[in-house]
S.K.: 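This is the structure, below, for whatever I ask next.
Keep in mind that this is a model prediction, so the values were computed, not measured.
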Amino acid sequence: MRALRASEEALAVSGLRFVRMGFGAEAVEYQEAWDEQRRVHAARFTDEIPDTVLLLEHPPVYTAGRRTAENERPLDGTPVIDVDRGGKITWHGPGQLVGYPIQKLPRPVDVVAHVRRLEEALILTCAEFGLETTRVEGRSGVWVLGDAKALTEQRPSLGGLSLDFDPRLHDEEFDPRLNGPEYAPSNAGQRREDRKIAAIGIRVAKGVTMHGFALNVNPDNKWFDRIIPCGIRDAGVASLANELGRDVTIDEVLPVAERHLRDVLENADLKPREIDRTPATVSPSGA
């Protein structure tokens, strides 16, 4: 196990600690990282250690959050690890920077605010490399926006891809995996569609966060074509390398992401979620 128990004993429970678990040839198996998350989570809950962010790469693996539908999994029966985070199915693997912030939050916990902080740190990270990203209403994560007209007008051929009529506009059950590369999530950039560059899925237990984010730096995005990434059928996936048109490495991105995560998470004004205690009113009809 890559735990740093000895050094933890000397740490005051303050500030934010980063642990680089393994990258490249030392990428960390998902189950090992999950076990370490649980160990660090327990130690953070009892205030034995400070807030901690585990950073790593995984070997290729599909993981499914609690809301994953059966028809979003790989059609060929590729194994999927079911996990206790929110969200749906996604892929982790080489070229993707994964971060698991394990942070104690005030109660009642504001989960949405925690997600927004992670998004902000990743938006700032992408911006430092010259890529403009943003949030999309109703969809967590960090996005590269496409052409707003891309799904409503006939499209010229881009890189060999041409969609004169998009069935996704009329068929909620449309399955891109069965309809050729022109609908593949990895080709969303060529279709001028919105594409997710960083996925976020978390869990909060006993007031302490687990799981976190996955930022696509330079992965083979075709891994996403075997699933319905995050359950979203009308958008795709992106990476820093593809969007910038040049090679970008985990080694380049790691210190930048750490700096922005530290700035955002350490300087956040953590407040408990406000609870509306106004008594509910019932109309005379009972509606």
S.K.: With no hydrogens and no angle check, is any side-chain donor or acceptor of Thr52 less than 3.5 Å from a backbone partner on Pro50?
M.R.: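 Yes.
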
S.K.: Which value, rounded to the nearest 0.5 Å, describes the distance between Thr68 atom OG1 and Lys88 atom NZ?
M.R.: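 That separation rounds to 7.0 Å.
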
S.K.: Given Arg85 and Ile202, is the side-chain contact (heavy atoms from CB on, under 4.5 Å) satisfied, shown in steps?
M.R.: CA-CA 5 Å; Arg85 61 167 169 79; Ile202 68 167; over 6 Å; no

S.K.: Hey, does His211 have a side-chain heavy atom less than 4.5 Å from the side chain of Trp34?
M.R.: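 Contact flag for Trp34/His211 side chains = yes.
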
S.K.: Do Leu215 and Val237 belong together in a cluster built from hydrophobic side chains that touch within less than 4.5 Å?
M.R.: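 Shared cluster, no.
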
S.K.: Please give me the minimum heavy-atom distance between Glu128 and Arg259, naming the atom from each residue.
M.R.: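 In terms of heavy atoms, the two residues are closest at OE2-NH2, 2.5 Å.
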
S.K.: What pair of heavy atoms forms the shortest contact from Val115 to Ser140, and how long is it?
M.R.: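 Heavy atoms only, the tightest pair is CG1-CB, 4.4 Å.
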
S.K.: How long is the span from the CD atom in Glu72 to the CZ atom in Arg177, to the nearest 0.5 Å?
M.R.: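 Between atom CD of Glu72 and atom CZ of Arg177 there are 8.0 Å.
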
S.K.: Minimum heavy-atom separation for Gly146 and Asp194, please, with both atom names.
M.R.: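 Residues Gly146 and Asp194, closest heavy atoms: N-OD1, 2.8 Å.
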
S.K.: Specify the closest pair of heavy atoms between Pro94 and Pro59, including all atoms of both residues, with the distance to one decimal.
M.R.: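 Taking every non-hydrogen atom into account, CD-C, 4.3 Å.
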
S.K.: Rounded to the nearest 0.5 Å, how far does CG of Leu240 lie from OG1 of Thr125?
M.R.: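 Atom-to-atom, Thr125:OG1 and Leu240:CG are 9.0 Å apart.
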
S.K.: Pair Arg38, Met210 - check side-chain contact (heavy atoms from CB on, under 4.5 Å), show working.
M.R.: CA-CA 8 Å; Arg38 287 188 284 241; Met210 292 181 68; 3.8 Å; yes

S.K.: Are the side chains of Phe213 and Leu122 in touch, meaning some heavy atoms are under 4.5 Å apart?
M.R.: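 Yes - at least one pair of side-chain heavy atoms lies under 4.5 Å apart.
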
S.K.: Ignoring hydrogens and geometry, is there a side-chain-to-backbone donor-acceptor pair from Arg195 to Glu193 under 3.5 Å?
M.R.: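 Judged by distance alone, yes, a pair lies under 3.5 Å.
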
S.K.: So, does Asn267 use its side chain to make a donor-acceptor pair with the main chain of Asp263 at under 3.5 Å?
M.R.: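 Looks like yes, one N/O pair under 3.5 Å.
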
S.K.: Determine whether Ile200 and Glu119 make a side-chain contact, defined as any pair of heavy atoms from C-beta on separated by less than 4.5 Å.
M.R.: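 Yes; the side chains approach each other to less than 4.5 Å.
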
S.K.: Run Glu57 and Leu97 through side-chain contact (heavy atoms from CB on, under 4.5 Å) and show every step you take.
M.R.: CA-CA 6 Å; Glu57 272 181 289; Leu97 176 60; over 6 Å; no

S.K.: Check whether Asn218 reaches the backbone of Ala241 with its side chain - one donor and one acceptor, N or O, closer than 3.5 Å.
M.R.: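 No, the answer is negative, given that no donor and acceptor are paired below the 3.5 Å cut-off.
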
S.K.: Answer yes or no: is there a side-chain heavy-atom contact under 4.5 Å between Trp91 and Pro60?
M.R.: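 Trp91 vs Pro60: side chains touch.
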
S.K.: Checking side-chain contact (heavy atoms from CB on, under 4.5 Å) between Gln96 and each of Leu56, Asp220, Asn216, which is the one that passes?
M.R.: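 Answer to the side-chain contact (heavy atoms from CB on, under 4.5 Å) test with Gln96 among Leu56, Asp220, Asn216: Asn216.
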
S.K.: Side chains of Thr63 and Tyr30: closer than 4.5 Å at any heavy-atom pair?
M.R.: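 Result yes, sub-4.5 Å side-chain heavy-atom pair found.
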
S.K.: Spell out, yes or no, whether Val53 and Leu124 are grouped together once hydrophobic residues are joined by side-chain heavy atoms under 4.5 Å, including indirect joins.
M.R.: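 No, Val53 and Leu124 fall in different hydrophobic clusters.
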
S.K.: Looking at residues at least two apart in the chain, or sitting in another chain, which of them share a ring pair (Phe, Tyr, Trp, His ring centres under 6.0 Å) with His92?
M.R.: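 Applying ring pair (Phe, Tyr, Trp, His ring centres under 6.0 Å) to His92 gives His58.
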
S.K.: Are a donor atom and an acceptor atom from the side chains of Asp225 and Ser186 found within less than 3.5 Å of each other?
M.R.: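 The answer is yes; a qualifying pair exists.
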
S.K.: Checking Arg191 side chain against Glu182 main chain: does a donor-acceptor pair fall under 3.5 Å?
M.R.: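 Flag set: sc Arg191 to bb Glu182 pair under 3.5 Å.
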
S.K.: Taking everything shown except Glu132 itself, do over 12 heavy atoms lie less than 6.0 Å from its CD?
M.R.: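 Result for CD/Glu132: open.
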
S.K.: Answer yes or no: is there an ion pair linking Arg117 with Glu120, defined by an N-O contact shorter than 4.0 Å?
M.R.: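 Salt bridge: no.
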
S.K.: Can you get from Leu105 to Val111 by hopping between Ile, Leu, Val, Met, Phe, Trp and Tyr side chains that sit under 4.5 Å apart?
M.R.: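 Shared cluster, yes.
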
S.K.: Would a hydrophobic clustering, with Ile, Leu, Val, Met, Phe, Trp and Tyr connected at side-chain separations under 4.5 Å, put Phe18 with Phe23?
M.R.: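 Cluster IDs for Phe18 and Phe23 match.
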
S.K.: Out of curiosity, Lys206 NZ to Arg44 CZ, how far, rounded to the nearest 0.5 Å?
M.R.: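 One gets 14.0 Å once the value is rounded to the nearest 0.5 Å.
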
S.K.: Considering all heavy atoms of both residues, which atom of Tyr100 and which atom of Ala33 are nearest to each other, and what is their separation?
M.R.: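 So the two residues come closest at CE1-CB, 4.2 Å.
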
S.K.: Applying the side chain to side chain donor-acceptor pair (under 3.5 Å) test to Lys104, which of Asp51, Thr209, Asp47 qualifies?
M.R.: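 Per the side chain to side chain donor-acceptor pair (under 3.5 Å) rule, the option paired with Lys104 is Asp47, out of Asp51, Thr209, Asp47.
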
S.K.: Please check: side-chain N/O of Arg66 versus main-chain N/O of Gly87, any donor-acceptor pairing under 3.5 Å?
M.R.: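 No; judged by distance alone, with no hydrogens or angles, the pair does not exist.
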
S.K.: Using modelled atom types only, decide if a donor and an acceptor are shared between the side chain of Asn187 and the backbone of Gln190 within a distance under 3.5 Å.
M.R.: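 No; judged by distance alone, with no hydrogens or angles, the pair does not exist.
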
S.K.: Can Glu252 and Phe129 be said to form a side-chain contact (heavy atoms from CB on, under 4.5 Å), step by step?
M.R.: CA-CA 10 Å; Glu252 289 179 74; Phe129 285 88; 4.2 Å; yes

S.K.: Taking the side chain as everything from C-beta on, heavy atoms only, tell me whether Leu75 gets closer than 4.5 Å to Arg226.
M.R.: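 No, side chains not in contact.
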
S.K.: Could you check whether Asp76 and Thr78, counting side-chain N and O atoms only, form a donor-acceptor pair closer than 3.5 Å?
M.R.: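 Yes, side-chain donor-acceptor contact under 3.5 Å.
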
S.K.: When you compare the side chain of Ile89 with that of Cys230, does any pair of heavy atoms fall below 4.5 Å?
M.R.: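 A side-chain contact under 4.5 Å is absent here.
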
S.K.: Kindly indicate whether the side chain of Val217, heavy atoms from C-beta on, has any atom under 4.5 Å from the side chain of Ser239.
M.R.: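 Contact flag for Val217/Ser239 side chains = no.
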
S.K.: What's the separation between atom CD in Gln37 and atom CZ in Arg203, rounded to the nearest 0.5 Å?
M.R.: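 Reported to 0.5 Å precision, the distance equals 10.5 Å.
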
S.K.: Does Ile232 belong to the same Ile/Leu/Val/Met/Phe/Trp/Tyr cluster as Leu145, with side-chain heavy atoms less than 4.5 Å apart forming each link?
M.R.: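 In one cluster with Ile232: Leu145, yes.
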
S.K.: Could you tell me which non-hydrogen atom of Val144 sits nearest to which non-hydrogen atom of Ala238, and how far apart they are?
M.R.: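 Reported closest heavy-atom pair: CG2-CB, 4.3 Å.
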
S.K.: Compute the ring centroids of Tyr183 and Phe174, then answer whether they are less than 6.0 Å apart.
M.R.: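 When the ring centroids of Tyr183 and Phe174 are compared, they turn out to be within the sub-6.0 Å range.
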
